Amino acid sequence: MDRAIQLARLGGVDVAPNPMVGAVIVVDEKIVGEGYHKSFGEAHAEVNAVNSVHNKSVLNNATIYVSLEPCSHFGKTPPCADLIVKHRFKRVVIACQDTFSKVSGKGVERIRSAGIQVEVGLLEQEARKLNKRFFTYHEKKRPYVILKWAQTKDEFMDRHPEERSNGVNWITQPETKLFVHKWRSEEQAILVGWKTVANDNPQLNVRAIAGRSPHRFVIDPGCNSPTDSTVFTDGSKTTILVTHNRFEGLPNNVEIIELDNINPRSVLEVIYSKQFLSVFVEGGGTTLEYFIESGLWDEARVFEGDIYFGNGLAAPKINLQPSQTLKLGKDTLYYFK
């Protein structure tokens, strides 16, 4: 099962909005086949595992270990529960039940009704942690929310605009960009407020490593973002959330959504409606504080650089002890949950 979870992780964001799933087939305590869900719309883990077994006749004496309950419904692909029944597996071991309403318990029921032994709960917590975005999406009806910012030793996240010398004043070492770009590549959506766009003109994409860039969202009730900003002009998809649209002549890559009231819940409802399992909130301070105050967040990742500003824009505050602390050269990374 540990191997099944390891395989599942390889799917990453490419499988979203599906969950990451891995499968391992064992005969006489020896692995004879394995597979994982590689991309949304393509074959599921169980299919790839079965296809990797050359001699299918051994399957009726095999145990298949699956990191998530096999699906029982027709989606982009046929039900995996039916595949397991077809090959008459001797035993099925499942890490955790799928809480998605179309599957929840139905896959286990389908397999058991065919007379196949089913066990559920092996490495359950590890399997749920792997698919924390998927479970949050279906159980809380919102995307998994990750907050991120960098702050100085004296807890400022930026200088005042009039005190900036040239553009952004970096707080952390250049190497920490690799972490941020890796994190971006793991989420489906990224979110900032309009002041971040106006002040920093960020690209909000994945550049420092190979990976998929997330869909960009900008909170801009009054349509104040400069339309010559990168998020408008680089051709990648951006969604701007406004209350009354005053933008004109925007390129096709920019989508405008009008909301009666813009708050963390209404923003997450838009992201949820687009079937994005997760969102990476990168700023600015006001946007981050809105999410912290609302309680609509799941984890925060805070870099503290070895630098002092003296004054400036105060960093958000989370009244919790860090769940984990890492020292990265001169910088410190704090995780909160």
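The structure displayed is predicted, hence computed values, not measured ones. Index from 1, following the sequence.
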Give the C-alpha distance, both sets of side-chain angles, the deciding distance and a yes or no for side-chain hydrogen bond (donor to acceptor under 3.5 Å, both in side chains) between Glu258 and Asn245.
CA-CA 7 Å; Glu258 288 187 343; Asn245 184 29; 5.0 Å; no

Would Phe135 and Tyr144 satisfy ring-ring contact (aromatic ring centres under 6.0 Å, His included), going step by step from the backbone distance to the final call?
CA-CA 9 Å; Phe135 286 117; Tyr144 189 88; over 10 Å; no

Dump the intermediate steps for side-chain contact (heavy atoms from CB on, under 4.5 Å) on Arg88 and Leu59, then the final yes or no.
CA-CA 7 Å; Arg88 305 299 307 170; Leu59 295 180; over 6 Å; no

Test side-chain contact (heavy atoms from CB on, under 4.5 Å) applied to Val21 and Tyr36, step by step:
CA-CA 6 Å; Val21 184; Tyr36 66 96; over 6 Å; no

Take Lys177 and Glu175, measure what salt bridge (Lys or Arg N to Asp or Glu O under 4.0 Å) needs, and give me the verdict at the end.
CA-CA 5 Å; Lys177 287 184 184 179; Glu175 291 87 345; over 6 Å; no

ring-ring contact (aromatic ring centres under 6.0 Å, His included) evaluation trace for Phe303 with Trp183:
CA-CA 13 Å; Phe303 279 114; Trp183 291 340; 5.5 Å; yes

Assess whether side-chain contact (heavy atoms from CB on, under 4.5 Å) is satisfied between Glu187 and Arg133, documenting all intermediate values.
CA-CA 9 Å; Glu187 314 308 329; Arg133 297 162 181 82; 2.7 Å; yes

Start with the C-alpha gap between Asn261 and Ser266, add the side-chain angles, then the distance that decides, and say whether side-chain hydrogen bond (donor to acceptor under 3.5 Å, both in side chains) holds.
CA-CA 7 Å; Asn261 185 20; Ser266 65; over 6 Å; no

Kindly determine whether Val279 and Ile190 satisfy side-chain contact (heavy atoms from CB on, under 4.5 Å), including the steps that lead there.
CA-CA 5 Å; Val279 59; Ile190 188 169; 5.8 Å; no

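Hydrophobic cluster of Val13: no remaining members, since no ILVMFWY side chain lies below 4.5 Å from it. Think of Tyr290 as one node in a network of Ile, Leu, Val, Met, Phe, Trp and Tyr side chains linked at under 4.5 Å; it has no links at all.
Taking the side chain as every heavy atom from C-beta outward, Ile94 and Leu68 never approach each other to under 4.5 Å. At least one side-chain heavy atom of Tyr335 sits under 4.5 Å from a side-chain heavy atom of Ser323. Annotation: side chain of Val50 is in contact with side chain of Lys56 (closest heavy-atom distance under 4.5 Å). Val218 places none of its side-chain heavy atoms less than 4.5 Å from the side chain of Thr239. A 4.5 Å side-chain heavy-atom check between Lys140 and Asp298 finds at least one atom pair inside the cut-off. Between Val254 and Ile240 the shortest side-chain heavy-atom distance falls below 4.5 Å. Contact of the Arg212 side chain with the Ser185 side chain is not registered, since no non-hydrogen atoms from C-beta on lie closer than 4.5 Å. Here the side chains of Phe280 and Phe217 are not in contact, with every heavy-atom distance at 4.5 Å or above.
By the 4.0 Å N-to-carboxylate-O rule, Glu155 lies close enough to Lys317 to be salt-bridged with it. Using a cutoff of 4.0 Å between basic side-chain nitrogens and carboxylate oxygens, Glu119 and Arg91 are scored as salt-bridged. Salt bridge status for Asp14 with Lys38: absent, with no side-chain N to carboxylate O gap under 4.0 Å. Checked for salt-bridge contact, Lys195 and Asp220 miss the test: no charged N lies under 4.0 Å from a carboxylate O. Salt bridge status for Glu126 with Arg128: absent, with no side-chain N to carboxylate O gap under 4.0 Å. With salt bridges taken as basic N to acidic carboxylate O contacts below 4.0 Å, none links Glu304 and Lys327.
With hydrogens and angles disregarded, no donor-acceptor distance shorter than 3.5 Å links the side chain of Arg110 to the backbone of Val85. With Ser213 contributing its side chain and Val206 its backbone, the two residues share a donor-acceptor pair below 3.5 Å. Side chain of Thr196 to main chain of Gly284: a donor-acceptor pair is present (N/O by atom type, distance under 3.5 Å, no hydrogens or angles). Between the side chain of Ser229 and the main chain of Pro226, a donor-acceptor pair closer than 3.5 Å is present. Put simply, the side chain of Gln188 gets close to the backbone of Leu277: a donor and an acceptor are under 3.5 Å apart. Between the side chain of Glu69 and the main chain of Gly107, a donor-acceptor pair closer than 3.5 Å is present. In this structure, the side chain of Asn48 does not engage the main chain of Glu34 through any donor-acceptor pair within 3.5 Å. For the pair Asp98 (side chain) and Val103 (backbone), a donor-acceptor distance under 3.5 Å is absent. At distances below 3.5 Å, at least one donor-acceptor pair connects side-chain atoms of Thr238 with backbone N or O atoms of Val231. Side-chain atoms of Ser294 come within 3.5 Å of backbone N or O of Leu296 as a donor-acceptor pair.
The number of heavy-atom neighbours closer than 6.0 Å to CD of Glu248, taken from other residues, nucleotides and ligands shown, is 12 or below. Lys132 NZ: more than 12 foreign heavy atoms inside a 6.0 Å radius. Other residues, nucleotides and ligands contribute over 12 non-hydrogen atoms within 6.0 Å of the CD atom of Glu255. Within 6.0 Å of atom CZ in Arg207, more than 12 heavy atoms from other residues, nucleotides or ligands are found, so the atom counts as buried in its surroundings. Counting heavy-atom neighbours within 6.0 Å of Glu139 CD, excluding the residue itself, gives a total above 12.
With sequence neighbours excluded, no residue forms a side chain to side chain contact (heavy atoms under 4.5 Å, CB included) with Thr233. Partners of Asn61 under the side chain to side chain contact (heavy atoms under 4.5 Å, CB included) rule, at least two apart in sequence or in another chain, are Val27, Asp28, Lys90. Tyr272 is linked by a side chain to side chain contact (heavy atoms under 4.5 Å, CB included) to Tyr137, Lys141, Pro143, counting only residues two or more places apart in sequence or in another chain. Annotation: side chain to side chain contact (heavy atoms under 4.5 Å, CB included) contacts of Val26 (sequence neighbours excluded): Val24, Ile31, Tyr65.
Cation-pi check for Lys337 over Trp297 is not met; the charged atom does not lie both under 6.0 angstrom from the ring centroid and within 45 degrees of its normal.
Classified by interplanar angle (parallel below 30°, tilted 30° to 60°, perpendicular above 60°), the ring pair His87/Phe89 is perpendicular. A perpendicular orientation is assigned to the rings of Phe134 and Phe100, their planes being inclined by more than 60° (bins at 30° and 60°).
Considering all non-hydrogen atoms of both residues, Ala95 and Ser67 come closest at CB-O, 3.3 Å.
Residues Phe179 and His181 place their aromatic rings such that the two centres sit no closer than 6.0 Å.
Put simply, Leu7 and Val47 are part of two different groups of oily side chains (I, L, V, M, F, W, Y) that touch within less than 4.5 Å, one to the next.
Atoms CD1 and CD1, from Ile111 and Ile64 in turn, are 8.5 Å apart once rounded to the nearest 0.5 Å. The distance from atom OG1 of Thr63 to atom CE of Met1, rounded to the nearest 0.5 Å, is 10.5 Å.
Here the options are Ile257, Leu259, Asn224, Ile256, the test is side-chain contact (heavy atoms from CB on, under 4.5 Å), and the partner is Val242; only Ile256 passes.
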